[in-house]
Structure formats: C-alpha cells, structure tokens
Protein chains: 2
Amino acid sequence: MARPSSPLLTRERIRTAALAMIDRDGLDGLSMRRLAADLGVRAASLYGYLATKDELLTDLADDVLTGVDSSGFSEGWRHGLTVWARSYREALAAHPNLVPFLAHSPGRRPQALRHADAVHGGLTSAGWPARYATMIGASTKYLVVGAAMTSFSGGFADDVEVYVGRYPNLSQAHLLAGHEEIDRDSFELALTAFLDGLSRLHEQVARHDSEPGVRSGSENPLK
Amino acid sequence: MARPSSPLLTRERIRTAALAMIDRDGLDGLSMRRLAADLGVRAASLYGYLATKDELLTDLADDVLTGVDSSGFSEGWRHGLTVWARSYREALAAHPNLVPFLAHSPGRRPQALRHADAVHGGLTSAGWPARYATMIGASTKYLVVGAAMTSFSGGFADDVEVYVGRYPNLSQAHLLAGHEEIDRDSFELALTAFLDGLSRLHEQVARHDSEPGVRSGSENPLK
DNA sequence: ACCTGAACACCGTTCAAGT
DNA sequence: ACCTGAACACCGTTCAAGT
C-alpha cells in the first residue's frame with residue numbers, strides 16, 4: 001500500500017480531520033501522530049502536505065474566519081460594527097477550542113487583514129478620526145475575542161458556581177444549561193452598551209471632523 | 001548532594017522560576033524538565049512539591065490575580081466596575097503569556113470566585129437585577145480578557161500592519177512603539193463607552209427595581 | 001509520486017533506589 | 001526527608017528507503 005492509484009491524503013482531508021479533532025478533543029488533543037492515525041496513515045506522511053503543525057493551525061484559523069462579515073458599513077458605521085462583531089463572534093464560538101491559538105498567530109492570516117481594513121475604512125468614512133477607528137476596531141475585537149475565549153473549554157465556570165451559590169432560588173438547570181445563552185445575551189448586552197456609548201461619543205467627535213487625533217499618554221482618551 | 005541540610009526546593013522558589021520562565025519564553029517554553037534544570041535539580045524532584053504541571057499553572061494564575069481589586073463598589077457601581085476592570089486588565093497584562101491558560105482553568109481559582117462574588121453583590125446593591133448583574137460581570141470580563149489576550153505574544157500584529165499600510169503618513173514608530181499605549185487607550189475607550197451605555201440602561205432598568213429578570217432567548221436583552 | 005521505519009531531540013509523570 | 005536514574009508512553013520533525 002505504499003503507492004495507491006490516487007493519494008490517500010489531500011490538504012483538504014487533513015484540515016477537515018484536524019478541525020474535527022480539535023473540536024472533539026481540544027487544542028491539546030490534536031497531535032500529528034493521532035491525526036495521521038485518524039487518516040489511516042503515519043505521521044511522516046503529513047509532511048508531504050504541510051510544513052509544520054503551526055502552519056496547519058494557521059490555515060484552520062483562516063478557514064474558521066471565512067464566515068466573518070465586514071461588509072455592513074454601507075448602511076452606517078453602527079450597523080457595520082454590529083454585523084462584523086456578531087459574525088466574528090459566531091465564527092469563533094463555532095470552534096471555541098481554536099480561539100486560544102488565534103491570539104497566538106501574528107499577522108499571517110489574510111482574512112483578518114481584509115476585515116481589519118474594511119472595518120477601518122468603514123469607520124473613517126463615517127467620520128471617525130483614524131485614531132478612533134483604530135481604537136474602536138481594537139475594542140470591538142476585545143469584546144469578540146473575550147466572549148469567545150470565555151466560552152472556550154467550558155468557560156469561566158466559576159461564575160456559574162457563584163451565582164448558583166448566591167441565588168439558590170434560581171434553578172441550576174436554567175443557569176447551567178443556559179450557559180451558552182447567557183454567553184450570547186451577555187455579548188449582546190456588552191455590544192449594545194458599547195455602541196450606545198460610541199454613538200454619544202460620535203456626536204462630540206464629529207464636530208472636530210477630520211482631525212487625525214494626536215493624543216498620547218495613558219489617560220482616558222475620551223476626556 | 002542527595003540530601004542537603006536544607007531543601008533545594010520550595011513551592012515558592014518553583015513558582016517564581018516558573019512564572020519568570022513563562023514571561024521569558026512563553027507558555028510553551030515552560031517544561032518541567034527545563035524548569036528543573038533552571039532550579040539545579042532533576043524533573044522528578046518537582047513532583048515532591050506539586051502534583052502536576054496543570055496544578056502549577058493554576059497556582060500561578062491565582063498568584064497573578066492577587067492585585068485585582070473588586071472593593072470599589074462602595075463608591076457606586078460605575079466606580080466599582082472601573083476599578084475592577086482596570087486592575088484586572090493590569091494584572092493580566094503583566095503576564096500576557098499566561099492569559100491563554102486562564103480561560104483553560106475552570107472554577108478552581110478562589111481569587112476569581114471572590115471577585116465575581118463582590119462584583120455581583122456590588123451591582124445588585126446598586127439596583128441592577130440579578131440577571132443584569134450576571135451579564136454585566138461577564139461582559140466586563142470579556143473586555144478585560146479580550147484586551148489582555150490581544151496583547152498576548154505580540155498581539156494581533158495584523159492591525160498595526162494594516163494601519164501602517166493604509167496611513168503611511170502616520171509614523172511607523174508611533175504605531176509600533178506605541179502598541180502597548182494603543183492597547184491601553186483602546187481598552188479605556190471600550191470601557192468608557194461600555195459604561196456610558198450601561199448608565200443609560202440603568203436609568204431604564206432602575207424603574208422596574210428588584211424585578212429579578214426572567215428574560216430568555218437569544219434576542220437583544222436590552223429591548 | 002506517495003508513503004513508511006527508524007531515528008533525533010524532546011515531553012509529563014512514576015517509582016524504586018540512593019543517601 | 002529529599003533527590004535521582006531509569007523507565008513508560010507520549011510529542012514534532014527529518015530523511016533515507018521502499019514501491
């Protein structure tokens with residue numbers, strides 16, 4: 001079986017199996033040897049299709065971000081941010097075990113670059129100074145990554161325990177089974193409050209239009 | 001040298017060396033064998049002082065959260081949240097390589113439990129319904145963890161590249177050297193906007209005081 | 001062209017043995 | 001009481017060899 005008529009492996013097949021393995025067993029559950037076994041092959045064979053495990057993970061991260069939508073800015077910056085943030089969070093929440101790796105991979109993912117560019121452009125077109133656009137893009141990402149991170153691997157289960165302990169009247173079933181629901185509701189609350197705050201700020205900032213923003217230092221950039 | 005007059009190791013010495021190694025070489029840079037070598041000892045010796053590597057990391061995570069301050073709620077919920085969020089972020093930013101592990105460890109960290117409890121109590125005392133208190137605590141954590149995560153390991157450097165590419169007039173030095181500064185300013189922007197949005201919401205919610213909140217479903221919890 | 005066996009330099013963890 | 005050597009079951013990656 002050393003030379004089948006058609007190859008046993010393709011990059012496609014490898015990536016699919018790898019992502020399934022991560023979803024099932026966690027990021028640490030993926031090893032090149034286990035992945036190879038899963039594909040009916042020896043670990044060395046994988047290296048005909050990819051250079052390193054890190055490259056494989058980077059490719060997976062890019063795949064996962066396919067569903068992110070940064071095209072909503074034509075209907076206003078608030079709508080654009082909302083669509084982007086929601087689709088971004090959903091993409092990450094679909095594969096929470098991969099999230100810790102996302103922060104680990106630097107600027108090698110073309111998808112991320114394209115979206116960051118679209119967001120920045122959408123914000124500046126709406127009148128946000130460049131420096132604010134940078135900070136708003138970063139802030140929104142904080143929210144998305146933080147929310148995805150928290151649902152990672154069962155999440156910060158400590159919270160749930162606290163609430164169950166403090167509020168025995170609330171059914172445990174509601175809190176525990178609704179963990180995913182609370183995550184999403186919390187994210188929506190955070191996003192709405194954040195956008196409400198930004199809308200207020202936008203009114204102030206819009207007066208001094210097209211000032212590029214020269215602030216520095218660690219003080220509150222709003223005041 | 002098999003039995004020195006006083007032990008070569010203490011839990012304290014092990015933890016200090018381990019945290020320094022993580023700060024220097026990253027989370028993957030810490031191995032029990034390298035740590036042992038650093039301490040002038042063999043790997044097996046460490047297991048007289050700790051059960052597993054995971055336990056060591058959990059202890060480190062708890063240590064790192066020592067500086068978190070959730071005592072500010074006596075001066076109002078907004079002040080309490082602000083102090084908590086800032087001190088939390090600073091604690092994480094001091095050891096960014098450890099942040100990915102934080103989400104990995106479930107509710108085994110007593111510090112985290114104490115703070116979550118204080119935050120929840122501070123919010124409900126200020127008139128927030130329990131369900132909102134839960135979501136606000138979670139939301140704030142999203143912001144903190146997301147911000148700390150992003151600065152982890154050089155962070156999402158892609159952003160910086162995009163901005164440098166799009167805005168060649170902005171000095172690269174400003175953007176690259178000020179990465180940490182932009183991180184903190186973005187965090188402050190996000191926090192302020194979020195709190196502004198919450199303040200608006202508080203006025204609405206305060207009327208229906210002490211209603212425990214029975215909403216469910218995935219719709220926007222604000223409206 | 002595609003896959004493999006064997007090897008290299010690593011892991012975390014255990015445990016009988018040394019002093 | 002404290003540390004170690006040796007072992008076990010793993011890693012990612014390389015590379016000459018097989019068909």
Side-chain angles (χ1 to χ4, degrees), chain A residues 1-61 97-98 100-101 104-106 108 153, chain B residues 1-61 97-98 100-101 104-106 108 153:
Chain A
M1 203 202 273
R3 186 175 162 192
S5 52
S6 75
L8 286 172
L9 297 176
T10 60
R11 282 178 199 77
E12 175 77 10
R13 243 169 69 70
I14 293 172
R15 287 212 290 253
T16 303
L19 189 54
M21 190 167 269
I22 288 173
D23 287 343
R24 198 189 329 117
D25 306 322
L27 200 50
D28 292 341
L30 176 73
S31 83
M32 299 303 274
R33 296 170 121 105
R34 293 215 320 131
L35 176 58
D38 206 58
L39 291 161
V41 109
R42 302 294 192 168
S45 310
L46 297 172
Y47 290 88
Y49 298 83
L50 44 86
T52 62
K53 183 183 181 182
D54 195 80
E55 187 200 271
L56 171 61
L57 287 171
T58 301
D59 288 350
L60 291 180
N97 292 337
L98 196 57
F101 177 80
H104 194 267
S105 63
R108 300 225 167 279
S153 194
Chain B
M1 203 201 276
R3 185 173 165 193
S5 52
S6 76
L8 285 172
L9 297 176
T10 60
R11 282 176 198 77
E12 174 78 9
R13 241 168 70 71
I14 293 172
R15 288 213 291 253
T16 303
L19 189 55
M21 189 169 269
I22 288 173
D23 288 343
R24 198 189 329 116
D25 306 323
L27 201 49
D28 292 341
L30 177 74
S31 84
M32 299 302 274
R33 295 169 121 106
R34 294 216 317 131
L35 177 58
D38 205 59
L39 291 160
V41 111
R42 302 293 192 169
S45 310
L46 297 171
Y47 291 87
Y49 298 84
L50 44 88
T52 62
K53 183 184 181 181
D54 196 80
E55 187 200 272
L56 171 59
L57 287 171
T58 302
D59 288 349
L60 291 181
N97 292 337
L98 197 57
F101 177 81
H104 194 268
S105 64
R108 301 224 167 279
S153 195

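All chains are named by letter (A, B, ...) in the order of the sequence lines, taking the proteins before the strands, and each is independently numbered beginning at 1. Owing to the predicted nature of the structure, the values given are computational and were not obtained by experimental measurement.
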(message) Wobble G-U and Watson-Crick pairs count when both distances are under 3.5 Å; given that, what is the 5' to 3' dot-bracket string of DNA chain C, with | for pairing to other strands?
(response) ||.|||||...|||||.||
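- Contact record, A:Asp54 with A:Phe101: OD1-CE1, 3.8 Å, taken as the closest heavy-atom pair.
- We find that CG of A:Leu46 is positioned 16 Å from C1' of D:dC15, with the value rounded to whole Å.
- With values rounded to the nearest 0.5 angstrom, A:Asp28 atom CG is found 10.0 Å from A:Ile22 atom CD1.
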(request) For side-chain contact (heavy atoms from CB on, under 4.5 Å), just list the numbers for B:Leu56 and B:Leu46, CA-CA rounded to whole Å, side-chain angles, deciding distance to a tenth of an Å, and then say yes or no. (result) CA-CA 10 Å; B:Leu56 171 59; B:Leu46 297 171; over 6 Å; no
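- The CG atom of A:Leu60 lies 12.0 Å from the CE atom of A:Met21; values are rounded to the nearest 0.5 Å.
- Ion pair B:Arg34/B:Asp25 flagged as a salt bridge, since at least one NZ, NE, NH1 or NH2 atom sits closer than 4.0 Å to an Asp/Glu carboxylate oxygen.
- With C:dT4, D:dT4, D:dC3 as the candidates, the nucleotide lying closest to the side chain of B:Tyr49 is D:dC3.
- Side-chain N/O atoms of B:Ser45 include one lying less than 4.0 angstrom from OP1 or OP2 on D:dT4.
- OP1 and OP2 of D:dC2 both lie 4.0 Å or more from every side-chain N or O belonging to B:Tyr47.
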Report each atom pair, protein N/O against N/O of nucleotides 7-11 of chain C, whose distance is under 3.5 angstrom.
unit_1, atom_1, unit_2, atom_2, d
C:dC11, OP1, B:Ser31, OG, 3.2

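- Rounded to whole Å, atom P of C:dT13 lies 12 Å from atom CG of B:Leu35.
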(message) Before you tell me yes or no, could you show the steps for B:Asn97 and B:Leu30 under side-chain contact (heavy atoms from CB on, under 4.5 Å), namely the whole-Å CA-CA distance, both residues' side-chain angles and the distance that decides it to 0.1 Å?
(response) CA-CA 11 Å; B:Asn97 292 337; B:Leu30 177 74; over 6 Å; no
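- The side chain of B:Arg42 lies closest to D:dT4 when the candidates are D:dC3, D:dT14, D:dT4.
- Nearest approach of B:Gly40 to B:Leu8, heavy atoms of both residues: O-CD1, 4.4 Å.
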(request) List the steps, then state whether side-chain contact (heavy atoms from CB on, under 4.5 Å) holds for A:Thr52 with A:Glu55. (result) CA-CA 5 Å; A:Thr52 62; A:Glu55 187 200 271; 3.6 Å; yes
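- In this structure, A:Glu55 places its CD atom 14 Å from C1' of D:dG12, rounding to the nearest Å.
- In this structure, CG of A:Leu39 is placed 15 Å from C1' of C:dC2, rounded to the nearest angstrom.
- Between B:Leu50 atom CG and C:dT14 atom P the separation is 11 Å, expressed in whole Å.
- For B:Thr52, the side-chain atoms get nearest to C:dT13 when compared with the rest of D:dT13, C:dC2, C:dT13.
- Taken from CG in A:Leu9 to CZ in A:Arg11, the straight-line distance is 10.5 Å, to the nearest 0.5 Å.
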